[in-house]
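In what follows, a single structure is set out as C-alpha coordinates and then discussed.
The model shown is predicted, which means the values in this text are computed figures rather than measured ones.
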Amino acid sequence: MQISVQSDPFDFGALAQEFADGHTHMGAVVTFTGIVRDDDLGGLDVMEIEHYPGMTERAITKFAAYAKDRWDLGDVLVIHRHGALKPGEMIMMVATAARHRVNAFEAAEYLMDYLKSRAPFWKKEYVNGEPRWVNAKPEDEDALSRWD
Amino acid sequence: MQISVQSDPFDFGALAQEFADGHTHMGAVVTFTGIVRDDDLGGLDVMEIEHYPGMTERAITKFAAYAKDRWDLGDVLVIHRHGALKPGEMIMMVATAARHRVNAFEAAEYLMDYLKSRAPFWKKEYVNGEPRWVNAKPEDEDALSRWD
Amino acid sequence: MITLLYFAWVRERIGLPKETVETTATTVKELVEELRARDERYAVAFSDLASLRVAIDQDLVDFDAPLTGAKEVAFFPPMTGG
Amino acid sequence: MITLLYFAWVRERIGLPKETVETTATTVKELVEELRARDERYAVAFSDLASLRVAIDQDLVDFDAPLTGAKEVAFFPPMTGG
(Lines give C-alpha, C1' and ligand atoms only; values in the text may rest on other atoms or scores of the structure.)
Protein backbone atom coordinates (compact mmCIF):
# COMPACT_ATOMS: atom_id res chain seq x y z
CA MET A 1 0.00 0.00 0.00
CA GLN A 2 1.22 3.48 -0.84
CA ILE A 3 -0.37 6.20 1.29
CA SER A 4 0.67 9.82 1.46
CA VAL A 5 -0.83 12.93 3.03
CA GLN A 6 1.17 15.86 1.78
CA SER A 7 1.08 19.57 0.94
CA ASP A 8 3.26 19.20 -2.17
CA PRO A 9 1.75 18.57 -5.60
CA PHE A 10 2.04 15.06 -6.97
CA ASP A 11 2.77 13.80 -10.47
CA PHE A 12 -0.46 12.00 -11.37
CA GLY A 13 0.62 10.68 -14.78
CA ALA A 14 3.96 9.33 -13.57
CA LEU A 15 2.40 7.76 -10.47
CA ALA A 16 -0.42 6.16 -12.47
CA GLN A 17 2.06 4.72 -14.98
CA GLU A 18 4.37 3.46 -12.25
CA PHE A 19 1.46 1.90 -10.36
CA ALA A 20 0.22 0.07 -13.48
CA ASP A 21 3.72 -1.03 -14.46
CA GLY A 22 4.29 -2.42 -10.99
CA HIS A 23 1.21 -4.63 -11.09
CA THR A 24 1.23 -6.41 -14.42
CA HIS A 25 0.13 -9.64 -12.72
CA MET A 26 -3.19 -7.83 -12.25
CA GLY A 27 -5.45 -7.33 -15.25
CA ALA A 28 -7.19 -4.14 -14.19
CA VAL A 29 -6.03 -0.77 -12.88
CA VAL A 30 -8.43 2.04 -11.95
CA THR A 31 -7.42 5.55 -10.98
CA PHE A 32 -9.45 8.44 -9.65
CA THR A 33 -8.21 12.01 -9.52
CA GLY A 34 -9.95 14.91 -7.81
CA ILE A 35 -9.29 18.38 -9.17
CA VAL A 36 -10.12 21.84 -7.77
CA ARG A 37 -12.65 22.88 -10.41
CA ASP A 38 -11.60 26.07 -12.10
CA ASP A 39 -15.04 27.23 -13.20
CA ASP A 40 -17.09 26.71 -10.04
CA LEU A 41 -18.95 29.88 -9.10
CA GLY A 42 -16.60 31.78 -11.35
CA GLY A 43 -14.51 33.44 -8.69
CA LEU A 44 -12.78 30.73 -6.68
CA ASP A 45 -9.41 32.18 -5.62
CA VAL A 46 -8.07 29.33 -3.55
CA MET A 47 -9.18 26.25 -1.63
CA GLU A 48 -7.62 25.58 1.74
CA ILE A 49 -7.63 22.01 2.98
CA GLU A 50 -7.20 21.52 6.71
CA HIS A 51 -6.59 18.07 8.16
CA TYR A 52 -5.95 16.26 11.43
CA PRO A 53 -2.32 15.08 11.29
CA GLY A 54 -1.99 11.56 12.56
CA MET A 55 -5.65 10.66 12.40
CA THR A 56 -5.69 11.31 8.63
CA GLU A 57 -2.96 8.76 7.89
CA ARG A 58 -4.50 6.34 10.39
CA ALA A 59 -7.97 6.57 8.83
CA ILE A 60 -6.72 6.27 5.23
CA THR A 61 -4.53 3.30 6.12
CA LYS A 62 -7.53 1.60 7.68
CA PHE A 63 -9.79 2.15 4.64
CA ALA A 64 -7.04 1.08 2.23
CA ALA A 65 -6.26 -2.11 4.15
CA TYR A 66 -9.96 -2.96 4.31
CA ALA A 67 -10.38 -2.38 0.56
CA LYS A 68 -7.28 -4.44 -0.27
CA ASP A 69 -8.69 -7.35 1.69
CA ARG A 70 -12.35 -7.08 0.65
CA TRP A 71 -11.66 -6.75 -3.08
CA ASP A 72 -8.52 -8.88 -3.21
CA LEU A 73 -6.43 -6.03 -4.59
CA GLY A 74 -2.88 -6.46 -5.78
CA ASP A 75 -2.19 -2.98 -4.44
CA VAL A 76 -3.76 0.32 -3.52
CA LEU A 77 -2.42 3.87 -3.61
CA VAL A 78 -3.91 6.96 -1.93
CA ILE A 79 -2.44 10.44 -2.08
CA HIS A 80 -4.27 13.39 -0.53
CA ARG A 81 -3.03 16.95 -0.33
CA HIS A 82 -3.66 19.57 2.34
CA GLY A 83 -2.88 23.29 2.41
CA ALA A 84 -3.72 25.98 -0.17
CA LEU A 85 -4.71 24.74 -3.62
CA LYS A 86 -5.49 26.82 -6.68
CA PRO A 87 -8.22 26.06 -9.23
CA GLY A 88 -6.99 23.41 -11.65
CA GLU A 89 -4.69 21.75 -9.11
CA MET A 90 -5.10 18.11 -8.23
CA ILE A 91 -6.35 17.49 -4.69
CA MET A 92 -5.94 13.75 -4.45
CA MET A 93 -5.74 10.47 -6.30
CA VAL A 94 -6.43 6.82 -5.63
CA ALA A 95 -5.32 3.82 -7.67
CA THR A 96 -6.38 0.19 -7.36
CA ALA A 97 -5.05 -2.93 -9.08
CA ALA A 98 -7.10 -6.13 -9.23
CA ARG A 99 -7.39 -9.25 -11.32
CA HIS A 100 -10.90 -8.28 -12.42
CA ARG A 101 -12.25 -4.90 -13.40
CA VAL A 102 -15.31 -4.96 -11.15
CA ASN A 103 -13.10 -5.29 -8.07
CA ALA A 104 -10.78 -2.49 -9.15
CA PHE A 105 -13.76 -0.19 -9.78
CA GLU A 106 -15.63 -1.00 -6.58
CA ALA A 107 -12.55 -0.63 -4.40
CA ALA A 108 -11.78 2.79 -5.92
CA GLU A 109 -15.36 3.92 -5.37
CA TYR A 110 -15.32 2.67 -1.80
CA LEU A 111 -12.09 4.54 -1.11
CA MET A 112 -13.53 7.74 -2.57
CA ASP A 113 -16.73 7.46 -0.54
CA TYR A 114 -14.75 6.94 2.67
CA LEU A 115 -12.19 9.64 1.95
CA LYS A 116 -15.05 12.02 1.27
CA SER A 117 -16.91 11.54 4.54
CA ARG A 118 -14.64 9.66 6.97
CA ALA A 119 -11.13 11.02 6.49
CA PRO A 120 -10.53 14.14 8.61
CA PHE A 121 -10.18 16.81 5.93
CA TRP A 122 -12.09 20.10 5.78
CA LYS A 123 -12.25 22.38 2.79
CA LYS A 124 -12.52 26.15 2.90
CA GLU A 125 -13.13 28.06 -0.31
CA TYR A 126 -12.22 31.68 -0.89
CA VAL A 127 -14.65 33.01 -3.47
CA ASN A 128 -13.98 36.58 -4.58
CA GLY A 129 -12.03 37.02 -1.35
CA GLU A 130 -14.82 35.69 0.89
CA PRO A 131 -14.09 32.54 2.88
CA ARG A 132 -16.67 29.80 3.34
CA TRP A 133 -16.43 26.27 4.68
CA VAL A 134 -17.57 23.61 2.23
CA ASN A 135 -20.51 21.75 3.75
CA ALA A 136 -20.69 17.99 3.78
CA LYS A 137 -23.40 16.75 1.39
CA PRO A 138 -26.13 14.42 2.62
CA GLU A 139 -25.72 12.29 -0.53
CA ASP A 140 -22.04 11.70 0.33
CA GLU A 141 -23.05 10.42 3.75
CA ASP A 142 -25.79 8.28 2.16
CA ALA A 143 -23.29 6.81 -0.31
CA LEU A 144 -21.51 4.99 2.53
CA SER A 145 -24.46 2.72 3.21
CA ARG A 146 -23.91 0.73 0.01
CA TRP A 147 -20.71 -0.72 1.49
CA ASP A 148 -22.37 -2.14 4.61
CA MET B 1 -13.88 12.60 -27.59
CA GLN B 2 -10.58 10.88 -28.26
CA ILE B 3 -10.93 7.41 -29.75
CA SER B 4 -8.17 5.27 -31.15
CA VAL B 5 -7.95 1.66 -32.30
CA GLN B 6 -4.29 0.92 -32.89
CA SER B 7 -1.63 -1.77 -32.88
CA ASP B 8 1.03 0.49 -31.37
CA PRO B 9 1.53 0.72 -27.60
CA PHE B 10 0.23 3.86 -25.90
CA ASP B 11 1.70 5.97 -23.12
CA PHE B 12 -0.85 5.51 -20.34
CA GLY B 13 0.72 7.89 -17.79
CA ALA B 14 1.23 10.72 -20.25
CA LEU B 15 -2.27 10.31 -21.71
CA ALA B 16 -3.89 10.19 -18.26
CA GLN B 17 -2.01 13.32 -17.16
CA GLU B 18 -2.85 15.16 -20.37
CA PHE B 19 -6.50 14.16 -20.13
CA ALA B 20 -6.77 15.41 -16.52
CA ASP B 21 -4.88 18.63 -17.29
CA GLY B 22 -7.19 19.32 -20.18
CA HIS B 23 -10.33 19.09 -18.06
CA THR B 24 -9.69 21.14 -14.94
CA HIS B 25 -13.21 22.56 -15.12
CA MET B 26 -14.30 19.04 -14.17
CA GLY B 27 -13.75 17.85 -10.61
CA ALA B 28 -13.37 14.15 -11.25
CA VAL B 29 -11.26 12.06 -13.63
CA VAL B 30 -11.43 8.25 -13.72
CA THR B 31 -9.15 6.01 -15.77
CA PHE B 32 -9.23 2.30 -16.40
CA THR B 33 -6.36 0.33 -17.87
CA GLY B 34 -6.48 -3.29 -18.95
CA ILE B 35 -3.24 -5.24 -18.88
CA VAL B 36 -2.31 -8.66 -20.30
CA ARG B 37 -1.77 -10.46 -16.99
CA ASP B 38 1.71 -11.87 -16.76
CA ASP B 39 0.96 -14.63 -14.30
CA ASP B 40 -2.16 -16.17 -15.76
CA LEU B 41 -1.76 -19.92 -16.23
CA GLY B 42 1.97 -19.44 -15.97
CA GLY B 43 2.83 -19.95 -19.58
CA LEU B 44 1.09 -17.24 -21.59
CA ASP B 45 3.40 -16.47 -24.50
CA VAL B 46 1.36 -13.90 -26.35
CA MET B 47 -2.19 -12.65 -26.75
CA GLU B 48 -3.44 -11.85 -30.22
CA ILE B 49 -6.30 -9.43 -30.54
CA GLU B 50 -8.30 -9.56 -33.75
CA HIS B 51 -10.81 -6.86 -34.58
CA TYR B 52 -13.25 -5.75 -37.25
CA PRO B 53 -11.76 -2.59 -38.78
CA GLY B 54 -14.41 0.04 -39.30
CA MET B 55 -17.04 -1.53 -37.09
CA THR B 56 -14.70 -1.27 -34.07
CA GLU B 57 -14.31 2.48 -34.37
CA ARG B 58 -18.00 2.87 -35.17
CA ALA B 59 -19.09 0.88 -32.10
CA ILE B 60 -16.68 2.61 -29.70
CA THR B 61 -17.69 6.03 -30.99
CA LYS B 62 -21.34 5.16 -30.40
CA PHE B 63 -20.75 3.97 -26.81
CA ALA B 64 -18.54 6.97 -26.02
CA ALA B 65 -21.06 9.47 -27.38
CA TYR B 66 -23.84 7.80 -25.42
CA ALA B 67 -21.78 7.86 -22.20
CA LYS B 68 -20.82 11.50 -22.70
CA ASP B 69 -24.45 12.44 -23.01
CA ARG B 70 -25.92 10.19 -20.31
CA TRP B 71 -23.37 11.12 -17.62
CA ASP B 72 -22.77 14.70 -18.72
CA LEU B 73 -19.06 14.13 -19.23
CA GLY B 74 -16.61 16.89 -20.01
CA ASP B 75 -14.75 14.40 -22.17
CA VAL B 76 -14.09 10.74 -22.79
CA LEU B 77 -11.06 8.89 -24.14
CA VAL B 78 -10.90 5.29 -25.38
CA ILE B 79 -7.79 3.57 -26.72
CA HIS B 80 -7.85 -0.10 -27.66
CA ARG B 81 -5.02 -2.07 -29.18
CA HIS B 82 -5.12 -4.99 -31.59
CA GLY B 83 -2.41 -7.33 -32.78
CA ALA B 84 0.09 -9.36 -30.75
CA LEU B 85 0.54 -8.33 -27.11
CA LYS B 86 2.95 -9.78 -24.58
CA PRO B 87 2.19 -10.38 -20.90
CA GLY B 88 2.51 -7.11 -18.99
CA GLU B 89 1.52 -4.97 -21.97
CA MET B 90 -1.43 -2.61 -21.77
CA ILE B 91 -4.38 -3.66 -23.92
CA MET B 92 -6.57 -0.61 -23.59
CA MET B 93 -7.54 2.41 -21.51
CA VAL B 94 -10.55 4.59 -20.97
CA ALA B 95 -10.70 7.97 -19.24
CA THR B 96 -13.74 10.00 -18.23
CA ALA B 97 -14.00 13.53 -16.84
CA ALA B 98 -17.11 14.73 -15.00
CA ARG B 99 -18.12 17.33 -12.48
CA HIS B 100 -19.02 14.64 -9.95
CA ARG B 101 -17.20 11.43 -9.12
CA VAL B 102 -20.24 9.15 -9.39
CA ASN B 103 -20.73 10.14 -13.03
CA ALA B 104 -17.07 9.67 -13.90
CA PHE B 105 -17.06 6.20 -12.30
CA GLU B 106 -20.34 5.03 -13.82
CA ALA B 107 -19.42 6.20 -17.31
CA ALA B 108 -16.06 4.41 -17.14
CA GLU B 109 -17.74 1.20 -15.96
CA TYR B 110 -20.36 1.45 -18.70
CA LEU B 111 -17.65 1.89 -21.33
CA MET B 112 -15.75 -1.12 -20.00
CA ASP B 113 -18.86 -3.30 -19.97
CA TYR B 114 -19.66 -2.33 -23.56
CA LEU B 115 -16.10 -2.65 -24.84
CA LYS B 116 -15.97 -6.09 -23.25
CA SER B 117 -19.07 -7.53 -24.91
CA ARG B 118 -20.14 -5.21 -27.74
CA ALA B 119 -16.98 -3.96 -29.43
CA PRO B 120 -15.80 -6.40 -32.13
CA PHE B 121 -12.56 -7.67 -30.61
CA TRP B 122 -11.56 -11.31 -30.17
CA LYS B 123 -8.69 -12.53 -28.03
CA LYS B 124 -6.58 -15.57 -28.74
CA GLU B 125 -4.08 -16.73 -26.14
CA TYR B 126 -1.01 -18.80 -26.86
CA VAL B 127 -0.28 -20.80 -23.73
CA ASN B 128 2.92 -22.86 -23.91
CA GLY B 129 2.64 -22.65 -27.66
CA GLU B 130 -0.99 -23.82 -27.80
CA PRO B 131 -3.52 -21.38 -29.22
CA ARG B 132 -6.99 -21.01 -27.71
CA TRP B 133 -9.72 -18.44 -28.23
CA VAL B 134 -10.78 -16.63 -25.07
CA ASN B 135 -14.45 -17.34 -24.41
CA ALA B 136 -16.90 -14.59 -23.60
CA LYS B 137 -18.04 -14.84 -19.97
CA PRO B 138 -21.73 -15.01 -19.12
CA GLU B 139 -21.18 -12.51 -16.28
CA ASP B 140 -19.82 -9.97 -18.78
CA GLU B 141 -22.98 -10.32 -20.85
CA ASP B 142 -25.09 -10.06 -17.69
CA ALA B 143 -23.25 -6.89 -16.63
CA LEU B 144 -24.82 -5.01 -19.55
CA SER B 145 -28.31 -5.24 -18.12
CA ARG B 146 -27.60 -2.74 -15.37
CA TRP B 147 -27.33 0.05 -17.96
CA ASP B 148 -30.80 -0.54 -19.44
CA MET C 1 -23.81 -9.02 -54.25
CA ILE C 2 -23.08 -9.12 -50.55
CA THR C 3 -19.65 -9.15 -48.94
CA LEU C 4 -19.38 -11.73 -46.16
CA LEU C 5 -16.78 -11.28 -43.40
CA TYR C 6 -15.69 -13.94 -40.91
CA PHE C 7 -13.77 -13.30 -37.70
CA ALA C 8 -11.96 -15.30 -35.02
CA TRP C 9 -12.83 -19.04 -35.01
CA VAL C 10 -15.57 -18.53 -37.60
CA ARG C 11 -12.84 -17.33 -39.96
CA GLU C 12 -10.62 -20.28 -38.99
CA ARG C 13 -13.36 -22.88 -39.46
CA ILE C 14 -14.49 -21.54 -42.81
CA GLY C 15 -10.91 -21.00 -43.86
CA LEU C 16 -11.21 -17.50 -45.27
CA PRO C 17 -11.74 -13.98 -43.92
CA LYS C 18 -13.93 -12.62 -46.67
CA GLU C 19 -15.92 -13.55 -49.75
CA THR C 20 -18.60 -12.18 -52.01
CA VAL C 21 -21.87 -14.00 -52.63
CA GLU C 22 -24.96 -13.70 -54.78
CA THR C 23 -27.98 -14.65 -52.72
CA THR C 24 -31.75 -14.66 -52.86
CA ALA C 25 -31.99 -14.90 -49.06
CA THR C 26 -34.18 -12.23 -47.50
CA THR C 27 -32.97 -12.65 -43.92
CA VAL C 28 -29.69 -13.51 -42.20
CA LYS C 29 -31.15 -16.87 -41.21
CA GLU C 30 -31.92 -17.76 -44.82
CA LEU C 31 -28.40 -16.72 -45.80
CA VAL C 32 -26.99 -19.00 -43.09
CA GLU C 33 -29.10 -21.90 -44.47
CA GLU C 34 -27.65 -21.34 -47.93
CA LEU C 35 -24.10 -21.31 -46.55
CA ARG C 36 -24.64 -24.43 -44.43
CA ALA C 37 -25.86 -26.33 -47.49
CA ARG C 38 -22.82 -25.30 -49.44
CA ASP C 39 -20.02 -27.15 -47.70
CA GLU C 40 -19.09 -29.09 -44.55
CA ARG C 41 -16.88 -26.23 -43.30
CA TYR C 42 -19.84 -23.85 -43.33
CA ALA C 43 -22.10 -26.45 -41.72
CA VAL C 44 -19.60 -26.78 -38.87
CA ALA C 45 -19.00 -23.04 -38.47
CA PHE C 46 -22.74 -22.30 -38.40
CA SER C 47 -23.84 -25.37 -36.44
CA ASP C 48 -24.81 -23.39 -33.32
CA LEU C 49 -26.27 -19.96 -33.95
CA ALA C 50 -26.45 -19.27 -30.19
CA SER C 51 -22.64 -19.13 -30.15
CA LEU C 52 -22.53 -16.68 -33.06
CA ARG C 53 -23.12 -13.00 -33.57
CA VAL C 54 -23.92 -11.17 -36.79
CA ALA C 55 -23.58 -7.59 -37.99
CA ILE C 56 -25.11 -6.01 -41.07
CA ASP C 57 -23.15 -3.05 -42.38
CA GLN C 58 -21.28 -2.87 -39.07
CA ASP C 59 -24.31 -2.86 -36.78
CA LEU C 60 -25.13 -5.86 -34.60
CA VAL C 61 -28.45 -7.45 -35.57
CA ASP C 62 -30.49 -10.56 -34.82
CA PHE C 63 -30.44 -13.58 -37.09
CA ASP C 64 -33.95 -12.85 -38.30
CA ALA C 65 -32.97 -9.35 -39.50
CA PRO C 66 -33.83 -8.63 -43.16
CA LEU C 67 -31.01 -8.43 -45.67
CA THR C 68 -32.67 -5.66 -47.66
CA GLY C 69 -29.98 -3.24 -48.82
CA ALA C 70 -27.21 -5.04 -46.95
CA LYS C 71 -23.73 -4.59 -48.43
CA GLU C 72 -21.64 -6.29 -45.75
CA VAL C 73 -22.62 -9.14 -43.44
CA ALA C 74 -20.15 -10.25 -40.75
CA PHE C 75 -20.25 -13.43 -38.67
CA PHE C 76 -18.21 -13.88 -35.49
CA PRO C 77 -18.24 -15.37 -31.98
CA PRO C 78 -19.29 -13.33 -28.92
CA MET C 79 -16.86 -10.45 -28.53
CA THR C 80 -14.09 -10.35 -25.95
CA GLY C 81 -12.77 -6.80 -25.89
CA GLY C 82 -11.58 -4.69 -22.99
CA MET D 1 -5.39 15.65 31.73
CA ILE D 2 -6.95 15.42 28.27
CA THR D 3 -5.77 17.24 25.15
CA LEU D 4 -8.63 18.82 23.22
CA LEU D 5 -8.26 19.53 19.50
CA TYR D 6 -10.54 21.70 17.39
CA PHE D 7 -10.69 21.76 13.60
CA ALA D 8 -12.28 23.87 10.86
CA TRP D 9 -15.10 26.15 12.03
CA VAL D 10 -15.05 24.62 15.52
CA ARG D 11 -11.47 25.87 15.83
CA GLU D 12 -12.48 29.28 14.49
CA ARG D 13 -15.46 29.68 16.83
CA ILE D 14 -13.54 28.62 19.92
CA GLY D 15 -10.54 30.65 18.84
CA LEU D 16 -7.84 28.07 19.43
CA PRO D 17 -6.69 24.79 17.86
CA LYS D 18 -5.70 22.96 21.02
CA GLU D 19 -5.84 23.06 24.80
CA THR D 20 -5.42 20.81 27.79
CA VAL D 21 -8.17 20.29 30.38
CA GLU D 22 -8.69 18.58 33.70
CA THR D 23 -12.12 17.02 33.74
CA THR D 24 -14.27 14.73 35.83
CA ALA D 25 -16.55 14.00 32.85
CA THR D 26 -17.00 10.30 32.12
CA THR D 27 -18.43 10.66 28.59
CA VAL D 28 -17.90 13.00 25.66
CA LYS D 29 -21.35 14.45 26.26
CA GLU D 30 -20.48 15.38 29.83
CA LEU D 31 -17.25 16.96 28.62
CA VAL D 32 -19.22 19.01 26.11
CA GLU D 33 -21.53 20.18 28.92
CA GLU D 34 -18.55 21.37 30.94
CA LEU D 35 -17.15 23.25 27.96
CA ARG D 36 -20.49 24.85 27.10
CA ALA D 37 -20.80 26.14 30.65
CA ARG D 38 -17.35 27.64 30.49
CA ASP D 39 -17.73 30.41 27.97
CA GLU D 40 -20.02 31.84 25.27
CA ARG D 41 -17.61 30.79 22.51
CA TYR D 42 -17.88 27.16 23.57
CA ALA D 43 -21.64 27.42 23.96
CA VAL D 44 -21.85 28.65 20.36
CA ALA D 45 -19.39 26.10 18.97
CA PHE D 46 -21.19 23.21 20.68
CA SER D 47 -24.75 24.47 20.26
CA ASP D 48 -25.73 21.74 17.77
CA LEU D 49 -24.13 18.36 18.32
CA ALA D 50 -25.77 16.98 15.17
CA SER D 51 -23.46 19.22 13.14
CA LEU D 52 -20.36 18.00 15.00
CA ARG D 53 -18.16 14.94 14.94
CA VAL D 54 -15.84 13.71 17.68
CA ALA D 55 -12.79 11.44 17.78
CA ILE D 56 -11.12 9.89 20.81
CA ASP D 57 -7.44 9.12 20.28
CA GLN D 58 -7.98 9.46 16.52
CA ASP D 59 -10.94 7.13 16.19
CA LEU D 60 -14.40 8.47 15.40
CA VAL D 61 -16.84 7.82 18.27
CA ASP D 62 -20.37 8.77 19.33
CA PHE D 63 -21.04 11.57 21.81
CA ASP D 64 -22.03 9.07 24.49
CA ALA D 65 -18.66 7.29 24.27
CA PRO D 66 -16.83 6.91 27.61
CA LEU D 67 -13.72 9.03 28.20
CA THR D 68 -11.95 6.27 30.14
CA GLY D 69 -8.27 6.35 29.25
CA ALA D 70 -8.73 9.06 26.60
CA LYS D 71 -5.63 11.16 25.94
CA GLU D 72 -6.81 13.21 22.96
CA VAL D 73 -10.36 14.31 22.11
CA ALA D 74 -10.98 16.13 18.83
CA PHE D 75 -14.10 18.07 17.77
CA PHE D 76 -14.82 19.02 14.19
CA PRO D 77 -17.58 19.43 11.59
CA PRO D 78 -18.54 16.61 9.19
CA MET D 79 -15.52 15.86 7.02
CA THR D 80 -15.16 16.98 3.40
CA GLY D 81 -12.23 15.09 1.95
CA GLY D 82 -11.72 13.64 -1.49
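In this structure, A/Tyr52 and D/Gln58 have side chains that are in contact, with non-hydrogen atoms separated by less than 4.5 Å. Between D/Thr80 and A/Phe121, every side-chain heavy-atom pair lies at or beyond the 4.5 Å cut-off. For the pair A/Met55/D/Leu60, a side-chain contact is recorded, criterion being any heavy-atom separation below 4.5 Å from C-beta on. Within the 4.5 Å cutoff, the side chain of A/Ser117 has no heavy atoms near those of the D/Met79 side chain.
Contacts between A/Asp113 and chain D at a heavy-atom distance below 4.5 Å are absent for every atom of the residue. Neither the backbone nor the side chain of A/Arg81 comes within contact range of chain D; no heavy atom of the residue lies under 4.5 Å from a heavy atom of that chain. Heavy atoms closer than 4.5 Å to chain D are found in both the backbone and the side chain of A/Lys116. Neither the backbone nor the side chain of A/His82 comes within contact range of chain D; no heavy atoms are under 4.5 Å apart.
Formation of a donor-acceptor pair under 3.5 Å by the A/His80 side chain with backbone atoms of D/Gly82 is found in this model. Under the 3.5 Å distance criterion, the side-chain polar atoms of A/Lys124 are left unmatched by any main-chain donor or acceptor of D/Ala8.
Atom CH2 in A/Trp133 sits 10.5 Å away from atom CH2 in D/Trp9 (nearest 0.5 Å).
By number of non-hydrogen pairs under 4.5 angstrom with chain A, the leading residue of D/Pro78, D/Pro77, D/Ala55, D/Ala74 is D/Pro77.
Between A/Trp122 and D/Phe76, the angle of the ring planes lies from 30° to 60°, which puts this pair in the tilted group.
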